[in-house]
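Basis for what follows: all heavy atoms, side chains included, without hydrogens, waters or symmetry-related copies. We're numbering straight along the sequence, starting at 1.
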Amino acid sequence: MNINFDSDKDARFETFDYLNKQLEVYYASTSSLPVSPKLNQEEIKKYVHHSFEDPLVYKDAINHVIDGLKKFTVHTPHPNYFGLFNPRANFAGILADTITATFNPQLAAWSHAPFAAEVESNLIVEFGKKFGYNPSAIDGVFTTGGAEANLTAILCALNKAFPDYAKDGLQSLDKKPLIYVSAESHHSLVKAASITGLGLKAVKEIPVNEYLQIDISLLEQQIKDDIKNNLLPIMIVATMGTTGAGAIDAINEIAAIASSYNIWLHADAAYGGALVLSDQYKTLLGNIHLADSITFDAHKSMSVPMNTSMFITKHTHILNKTFRVTTDYMPKEANDLQVTDPFTHSIQWSRRFTGLKIYLSLLIFGWDGYQQVIEQQIKMGNILRDKLLNSGWFIYNKTHLPIVCFGNKNFESDANAALQVSKKIIESGKAWLSVYKINGVNTLRACITNYASNENNIEELVGLLNEIAE
Ligand SMILES: *Cc1c(COP(=O)(O)O)cnc(C)c1O
């Protein structure tokens, strides 16, 4: 065999060094690139290699990939990306992914990766405490994203409502289970309902009030009606920071309903959960500790690379009940220890060391560093709101989170107005923002999602908007 998967020491050093320089150029000068690419699929298809008959040397392969990414990617690390919750990855998070790729620890069994497993279970407890859970009753698992965490929540609610669910499955249920979400909730929940076999129709979307929060009295009325019709409410989802407009559901009142009808309360804090990191703003999350479980996406507001999310619950036996299976082939070295094999708590089996991205970031920046960054982003949101109002724009959403949905007088009569402005901005390559419909009006949506977005970037965005809307 003359193939060398390892390369050799000098060549490795040189290649690492070369890659480093390319990445450094990107990291240091992201803001000089156009924020988004031209979407020409033909051109991209032509650029991608389709046959692998003639191997490249490392340098050429690296150049091919880096140039491809530079040219054909929306640069979410750009400070003028005011888009969805896709942050610029902080440097510690990038290092963490590099370390993880090299050690490649296997987090299915505790005994194969005890350091990684203990780091993750400690992080779950620390975040559970931040959310106000009792330190002695916290369990959870790292997931690939909020979608997997929400799916995990539904499975836990099913296993709580039906003690024999894991064994007998959906077919054995004598009543149809229902899940309640706000009309502004994330669509990963309906997707999860379809994956579990409950079906899309098992999700009841409750209308929202003028603040885009779930309407509490309609929620309770719907639950009463469904019980009367012999259906079984098993879960209510409170969205803590909606994806579209940053609305935070009134969790204290929802918790009262959940408790009086004995329904699992899930807090989808994928985005807004970051508020727990700020002493000043954490009260906006109300009594989130009343929730039976919480979804929190670190890859949104903690600026770590993708696929870093958590499912946290105060029911310490439920994950085990939901996911435990016994096998003959998994390692047995830890059988006599009081430890948890992550695969018995998780949808995933083989799993990477996801938590290291948060662990290394916290080791270096501390909770205090995150508090500063979250509060800075909220401040930038406030500045954006003020500048827009000063230029005569209307604001359509009310939230402390740094998401601003806005428009001008043309937007209410012309559904295309917002789309046209956003199209022009995106095509200019100078910024990125999206369109979101609020009460039937297409509005422009700008979100501060990057710790590096400063007042100048906001000035630039508002300048562009004023120029284009004229
Ligand atoms: C983003 C988001 C999700 C889905 O999370 P992913 O990490 O994209 O899987 C779920 N809920 C809310 C409220 C979100 O904003």
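For the residue pair Ser182 and Gln213, no side-chain donor N or O sits within less than 3.5 Å of a side-chain acceptor on the partner. Residues Asp225 and Gln221 have side chains that bring a donor and an acceptor to within less than 3.5 angstrom of each other. Side chains of Thr295 and Asp297: a donor-acceptor N/O pair is absent below 3.5 angstrom, by distance only. Side chain to side chain, Tyr451 and Asn90 fail the donor-acceptor criterion of an N or O pair below 3.5 Å. Using modelled atom types and a 3.5 Å distance limit, the side chains of Asn457 and Asn80 yield a donor-acceptor pair. Between the side chains of Gln372 and Asp368, at least one donor-acceptor pair of N or O atoms lies under 3.5 Å. Looking only at atom types and distance, the side chain of Gln420 has no donor-acceptor partner in the side chain of Asn416 under 3.5 Å away. Between the side chains of Ser188 and His186, a donor-acceptor pair is found at a separation under 3.5 Å.
Partner of Phe406 under the ring pair (Phe, Tyr, Trp, His ring centres under 6.0 Å) criterion, out of Trp393, Phe411, Phe394: Trp393 alone. Put simply, the residue from Thr100, Thr308, Asn307 that forms a side chain to side chain donor-acceptor pair (under 3.5 Å) with Lys357 is Thr308. With Thr354 as the fixed residue, the side chain to side chain contact (heavy atoms under 4.5 Å, CB included) test singles out one of Met306, Gln348, Glu120: Glu120. Of the candidates Lys160, His266, His315, Asp292 forms a side chain to side chain donor-acceptor pair (under 3.5 Å) with just one, namely His315.
The local environment of OH in Tyr261 is crowded, with over 12 non-hydrogen atoms from other residues, nucleotides or ligands closer than 6.0 Å. More than 12 heavy atoms of other residues, nucleotides or ligands sit less than 6.0 Å from atom OH of Tyr26. Applying the 6.0 Å contact sphere to NZ of Lys204 captures more than 12 heavy atoms from other residues, nucleotides or ligands. In the displayed structure, Asn229 atom CG is contacted under 6.0 Å by more than 12 heavy atoms of other residues, nucleotides or ligands. Counting heavy-atom neighbours within 6.0 Å of His289 NE2, excluding the residue itself, gives a total above 12. The number of heavy atoms from other shown groups lying within 6.0 Å of NZ (Lys130) is above 12. By the neighbour-count criterion of 12 heavy atoms within 6.0 Å, atom OH of Tyr27 is densely surrounded, having more than that number from other residues, nucleotides or ligands.
His78 has its ring centre no less than 6.0 Å from the ring centre of Trp432. Ring to ring, Trp367 and Phe127 are close: their centroids are under 6.0 angstrom apart.
Here the CG-CD distance, from Leu219 to Glu253, works out to 10.5 Å after rounding to the nearest 0.5 Å. The line from CG of Asn159 to CD1 of Ile154 is 12.5 Å long, rounded to the nearest 0.5 Å. To the nearest 0.5 Å, the span separating OG1 on Thr340 from CG on Leu319 amounts to 9.5 Å.
In this structure, the side chain of Thr143 engages the main chain of Gly145 through a donor-acceptor pair within 3.5 Å. Using a distance-only test at 3.5 Å, with no hydrogens or angles considered, no donor-acceptor pair links the side chain of Asn86 to the main chain of Thr76. Counting only distance, with no hydrogens or angles, the side chain of Lys321 and the backbone of Pro163 share a donor-acceptor pair below 3.5 Å. A donor-acceptor distance shorter than 3.5 angstrom exists from the side chain of Gln106 to the backbone of Arg351, with no hydrogens or angles considered. The backbone N or O of Ser217 sits less than 3.5 Å from a side-chain atom of Asp215, completing a donor-acceptor pair. For Thr242 (side chain) and Gly246 (main-chain N/O), a donor-acceptor pair under 3.5 Å exists by modelled atom type. The closest donor-acceptor contact from the side chain of Lys300 to the backbone of Ala270 lies at 3.5 Å or more, if one exists at all. Under the 3.5 Å distance criterion, the side-chain polar atoms of Asn150 are left unmatched by any main-chain donor or acceptor of Leu189. Without hydrogens or angle criteria, Asp249 side chain to Ile214 main chain gives a donor-acceptor distance under 3.5 Å. Side chain of Ser453 to main chain of Pro79: a donor-acceptor pair is present (N/O by atom type, distance under 3.5 Å, no hydrogens or angles).
Here the closest non-hydrogen pair linking Leu84 and Ser434 is CD2-OG, 4.1 Å. Of all the heavy atoms in Cys405 and Ile438, the pair that sits closest is CB-CD1, 3.5 Å. Closest non-hydrogen pair, Pro305 versus His299, comes out as O-CB, 3.7 Å. The minimum heavy-atom distance between Trp264 and Ile318, with the atom names listed, is CH2-CG2, 4.0 Å. Smallest separation of non-hydrogen atoms from Arg88 and Asn450: CB-OD1, 3.6 Å. A pairwise comparison of heavy atoms in Glu148 and Ser346 identifies OE2-OG, 4.3 Å as the closest pair.
Between Val125 and Tyr133, every side-chain heavy-atom pair lies at or beyond the 4.5 Å cut-off. Inter-residue side-chain proximity for Ile124 and Val141 is flagged as unmet; no heavy-atom pair is nearer than 4.5 Å. Phe162 is not listed as a side-chain neighbour of Asp168, based on a closest heavy-atom distance of 4.5 Å or more. At least one side-chain heavy atom of Val462 sits less than 4.5 Å from a side-chain heavy atom of Ser391. Looking only at side-chain heavy atoms (C-beta outward), Leu465 and Leu388 come within less than 4.5 Å of each other. Side-chain contact check for Leu401 versus Met240: every heavy-atom pair is 4.5 Å or farther apart. A heavy-atom distance below 4.5 Å is found between the side chains of Thr196 and Leu155. At a threshold of 4.5 Å between non-hydrogen side-chain atoms, the residues Leu95 and Leu360 count as touching.
Under the 30°/60° scheme for interplanar angles, the aromatic rings of Phe115 and Phe353 are found to stand perpendicular.
For Ser194, the side chain to side chain contact (heavy atoms under 4.5 Å, CB included) partners at least two apart in sequence or on another chain are Leu200. Among residues two or more places apart in sequence or in another chain, the side chain to side chain donor-acceptor pair (under 3.5 Å) test is passed with Lys387 by Glu459.
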* Test side-chain contact (heavy atoms from CB on, under 4.5 Å) on Thr144 and Ser309 and set out the steps. => CA-CA 6 Å; Thr144 48; Ser309 184; over 6 Å; no

* To do: Might you work through the side-chain contact (heavy atoms from CB on, under 4.5 Å) test for Leu275 and Ile248, ending with a clear yes or no?
  => CA-CA 11 Å; Leu275 293 169; Ile248 297 175; 3.8 Å; yes

* To do: Go through the steps for Cys447 and Tyr436 under the test side-chain contact (heavy atoms from CB on, under 4.5 Å), then give the verdict.
  => CA-CA 11 Å; Cys447 172; Tyr436 189 67; over 6 Å; no

* Give the intermediate values and the outcome of side-chain contact (heavy atoms from CB on, under 4.5 Å) for residues Ile358 and Phe142. => CA-CA 11 Å; Ile358 308 179; Phe142 275 82; 3.7 Å; yes

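Between Asp226 and Lys176 there is no salt bridge, since no side-chain N of the basic residue sits under 4.0 Å from a carboxylate O of the acidic one.
With a 6.0 Å cutoff to the six-membered ring centre and a 45° limit on the axis angle, Arg445 does not count as a cation-pi contact of Tyr396.
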